[in-house]
Amino acid sequence: MRDSTNLRDQLSRRQYAQLLAGMGAVGLAGCPSGSGDDSTDEPTDADDSAATPTATPAEGTEQPADTETETDSPTPLGDPVTEEIRVFQANSPSVFDANVWAPQDNTTGVAFMTDLQAVQNVHTRRMAYSGLEIETPWKPRTDSVSVMTWYSGYEVDAPYDVYESHDDRATYWNGDPLDAEARETHFHVDYFQAGNKFTEDTAFTQEAASQWEYHWWNPDGSDGLPDNPQARHVLASQAAPNDGDMPIHPDFTQPYLERYRDAGSTDQVSSVTDELVSDRISLQQLMENGWGSGPYELRSEDDIGSAELTLRLRDEAAASAGDTETAHPNAANTNVPQLTIKWGDGNRRQTLAGNGALDLNGNIVAPNGLYSREMLPDHMQELTRWLRSTGGDKWRLNWNNPHLQNLWVRRALVAAVDWNAVGANGWGPERSVSIENHTYMLDAQSQSVFSGEFLDSLHAWPMESDTEAAAEYLRRGGYSKQGGQWVDPNGNAAEIDIIFPSAIADYAGAAQTIRANLSNIGFGVNFSSQGWSTWSNNLKASNGLNYDSSIFWHGYGEPFGYYNSSPGWVSGTLVMGKADAPSQRVDPDTEMDAQGKPLQVEIPSEVGSIEAPDEAGINPDLSDGEEIDLASIVHEIREPGKSEEAVQELYRKCARYYNYYLPHFVFHQYNWGAWGNVRDFEWPDPGHRGLDYERGFGISTALILGGLVEASYDTDYQPPE
């Protein structure tokens, strides 16, 4: 198999994004490789057609009867070599708490005990809903399986309303319906727990329209709330999300909802909230009350151990006898009756992986990575990898710094840094893929939103260090070099700070590489690793944006996530709104955002041009420019009634602005994937659509809950080279 670098050289950008997963998946039986890696990539266009929401879920695939001889001899397959699949979660039974409102997040592991809300295509971000049919050539018992998810589809009634449907086969372990009514109860409690009981200008804008249909809406002004119409494409992106909390059983939430409704003062509300957040839902309570959901259930307290938890498939024999309450459609999709969750911390996960005691894990297998070929047994091999469509990082720049206000300085700093090395030194060369399309989006979105012709017309900023270009840009910015140190037109030494959180180890190698590259050309960098609270506070507009630059995460599921404005420090939007802005965004007539960026600016009429006056300043006057208003554009993108082409033109203007001004610099996105036990289990081929879907961030969860995992009938496998 070719390595990713060589493949990329031979393919167009779009082809590369489409094929990375299938190429990178290695180590399956019959597909050995020593390179190893762990991400899933993208489905083909044909795969996307199956992700279209359906109003009516498809029926579960009927399993063919076992073939028997006249003497009732066993089937030729014999028995599977194992009855359990082992996964890992960083938690323990002593602190596990399925109460999502608990002050500490101890719910880790619940995802392996719940229904799939939807399964998300890792390449195109499309959702697939209940009834998704997946061909299963790795399964000898059936040709395909139908995967049940909790969501079965949605309808958008723009500009305010969304209706989401749920599969009427969804039940809690005890047989009670996991329906829209349970969802309304859960999220109404969530609304009150967030402190909204007596808050003005708020309302609970959700309801169970029927038992299996959920309705939520944006205010239309009729109830005293601000009118908030949204474009259809925005509403559709918010419908039937892939992630989030599954509703806790109404036996737990309904009493709290009633108490919140009866509360007559803020003190009474606080009292209810105090009890709610301290009301632990232990594993024992989940089991005794049957409050869990999903195809695997906890049946006995004996299955709760300090080191592991054992769950078992819900009884399909009962389903065939007509007792549908205790069954689950996805239970028929697998021959693995037992799911074991190993508990512990990161060190125990590493030990279990090295000992071959885990059967499925999300990650790539890469040299010098968290999981390398050397540390894993031969039968633990990479299954798939993909270019994570919403996972990446950027160099975040604060324009309140006088150096960073200078257009030519920002360009010089970008040109001076070897961004391939930044990714490799921070995340490892096989986990990091440098950005090719400089649109402010990650390549996964750029290549699906824009035409190849438009992307090719944009300026390609160097991803390897170009010190000659950097020196030219600094000189054009009015800087000069004195004794090996660049100085600005006023004689001030050219230097900035770069901060990063000590909690994210990957950021350290990235930041050190940036500092080394800039120091090499004579541009000073003060390097600072900070605790999480210090770092995050320094990035907040309300605290004065007390930083020059920082490594920061980047990635949204939709283009209008990037081309948006928000005051939140966690935001990666193109425009940083002000904290007191309506709807937490800038007004359409705002002239400057919180980071000091002018919002009424000129961009070159010629796409891809970087021509600008020397010493251009913060808002250059271009000789051949087109005036745009970013504050207005990010609002227009969300306004109802615009044609697809009109929205595309707004996207192109945002991309052209970013490509020219480099307000920040997006430098890479992640490879991700999964590895598994290829001796005891059969898996889809690396490029198979069965590996193209994940629930949240864990494709292993989707494989298990959807029943795609298949225990092998022999232990033959081809070890990696």
Side-chain angles (χ1 to χ4, degrees), residues 38 80-100 102-114 173 246 280-314 331 334-363 365 369-372 374-381 383 674-681 695-705 709 711-712 715:
D38 82 305
V81 299
T82 182
E83 292 188 343
E84 72 169 338
I85 184 166
R86 301 162 298 182
V87 296
F88 181 88
Q89 283 295 324
N91 204 340
S92 70
S94 61
V95 299
F96 178 94
D97 190 353
N99 181 358
V100 299
Q104 288 82 33
D105 182 12
N106 295 318
T107 64
T108 303
V110 170
F112 285 111
M113 309 177 211
T114 60
W173 290 341
M246 293 295 288
R280 181 184 173 208
I281 303 177
S282 66
L283 288 166
Q284 287 84 355
Q285 286 175 291
L286 277 181
M287 178 200 66
E288 291 168 0
N289 296 304
W291 284 351
S293 67
Y296 287 93
E297 65 180 338
L298 180 59
R299 293 183 183 169
S300 168
E301 192 161 347
D302 293 338
D303 290 332
I304 304 173
S306 60
E308 64 183 36
L309 173 74
T310 300
L311 299 106
R312 304 174 194 279
L313 275 178
R314 288 165 73 170
T334 182
N335 65 342
V336 183
Q338 185 170 306
L339 167 65
T340 298
I341 299 177
K342 302 282 189 178
W343 303 112
D345 57 15
N347 290 333
R348 184 168 191 245
R349 184 197 296 257
Q350 291 287 91
T351 300
L352 291 169
N355 291 339
L358 298 181
D359 294 315
L360 187 61
N361 191 77
N363 223 293
V365 181
L370 190 61
Y371 300 98
S372 66
E374 291 72 26
M375 70 92 65
L376 291 175
D378 282 353
H379 66 282
M380 299 300 175
Q381 296 172 19
L383 305 176
W675 54 263
N677 177 348
V678 299
R679 181 192 63 197
D680 300 330
F681 297 91
R695 180 194 182 278
F697 282 175
I699 193 169
S700 58
T701 311
L703 288 172
I704 291 169
L705 292 181
V709 59
S712 176
T715 58

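Only this structure's heavy atoms are used, side chains among them; waters, hydrogens and symmetry mates stay out. For the single chain, residues carry numbers from 1 onward in sequence order.
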Closest approach of [X] and [Y], non-hydrogen atoms and distance?
{"X": "Asp303", "Y": "Leu298", "value": "CB-CD1, 3.9 Å"}
{"X": "Asn91", "Y": "Trp343", "value": "O-CB, 3.1 Å"}
{"X": "Pro93", "Y": "Ile304", "value": "CB-CG2, 3.9 Å"}
{"X": "Asn355", "Y": "Pro377", "value": "C-CG, 4.3 Å"}
{"X": "Met380", "Y": "Leu358", "value": "CE-O, 2.7 Å"}
{"X": "Arg312", "Y": "Gln338", "value": "NH1-OE1, 2.9 Å"}

Would you say the side chain of [Y] lies within less than 4.5 Å of the side chain of [X], judging by non-hydrogen atoms?
{"X": "Phe112", "Y": "Leu311", "result": "no"}
{"X": "Leu339", "Y": "Arg86", "result": "no"}
{"X": "Leu383", "Y": "Val678", "result": "yes"}
{"X": "Val87", "Y": "Asp359", "result": "no"}
{"X": "Arg695", "Y": "Thr114", "result": "yes"}
{"X": "Pro295", "Y": "Leu313", "result": "yes"}
{"X": "Phe96", "Y": "Ile341", "result": "no"}
{"X": "Gln350", "Y": "Leu370", "result": "yes"}

Fill in the blank from the handout: CD1 (Ile704) and CD1 (Ile699) are apart, to the nearest 0.5 Å, by 11.5 Å

Exercise for the section: Would you kindly say whether Arg349 and Asn361 are connected by a side-chain donor-acceptor distance under 3.5 Å? Expected result: yes

[X] (side chain) donor-acceptor with [Y] (main chain) under 3.5 angstrom:
{"X": "Arg348", "Y": "Lys342", "answer": "no"}
{"X": "Asn106", "Y": "Asp97", "answer": "no"}
{"X": "Trp173", "Y": "Glu288", "answer": "no"}
{"X": "Thr334", "Y": "Val709", "answer": "yes"}

Handout entry: Gln284 atom CD: more than 12 heavy-atom contacts under 6.0 Å
Key = yes

Practice task
From the options Val81, Leu360, Val336, select the one residue that forms a side-chain contact (heavy atoms from CB on, under 4.5 Å) with Phe681.
Solution key: Val336

Problem - Step-by-step side chain to side chain contact (heavy atoms under 4.5 Å, CB included) determination, Arg280 to Asn99 - result: CA-CA 6 Å; Arg280 181 184 173 208; Asn99 181 358; 6.0 Å; no

Handout entry: Evaluation steps, side chain to side chain contact (heavy atoms under 4.5 Å, CB included), between Gln89 and Leu309
Key = CA-CA 10 Å; Gln89 283 295 324; Leu309 173 74; over 6 Å; no

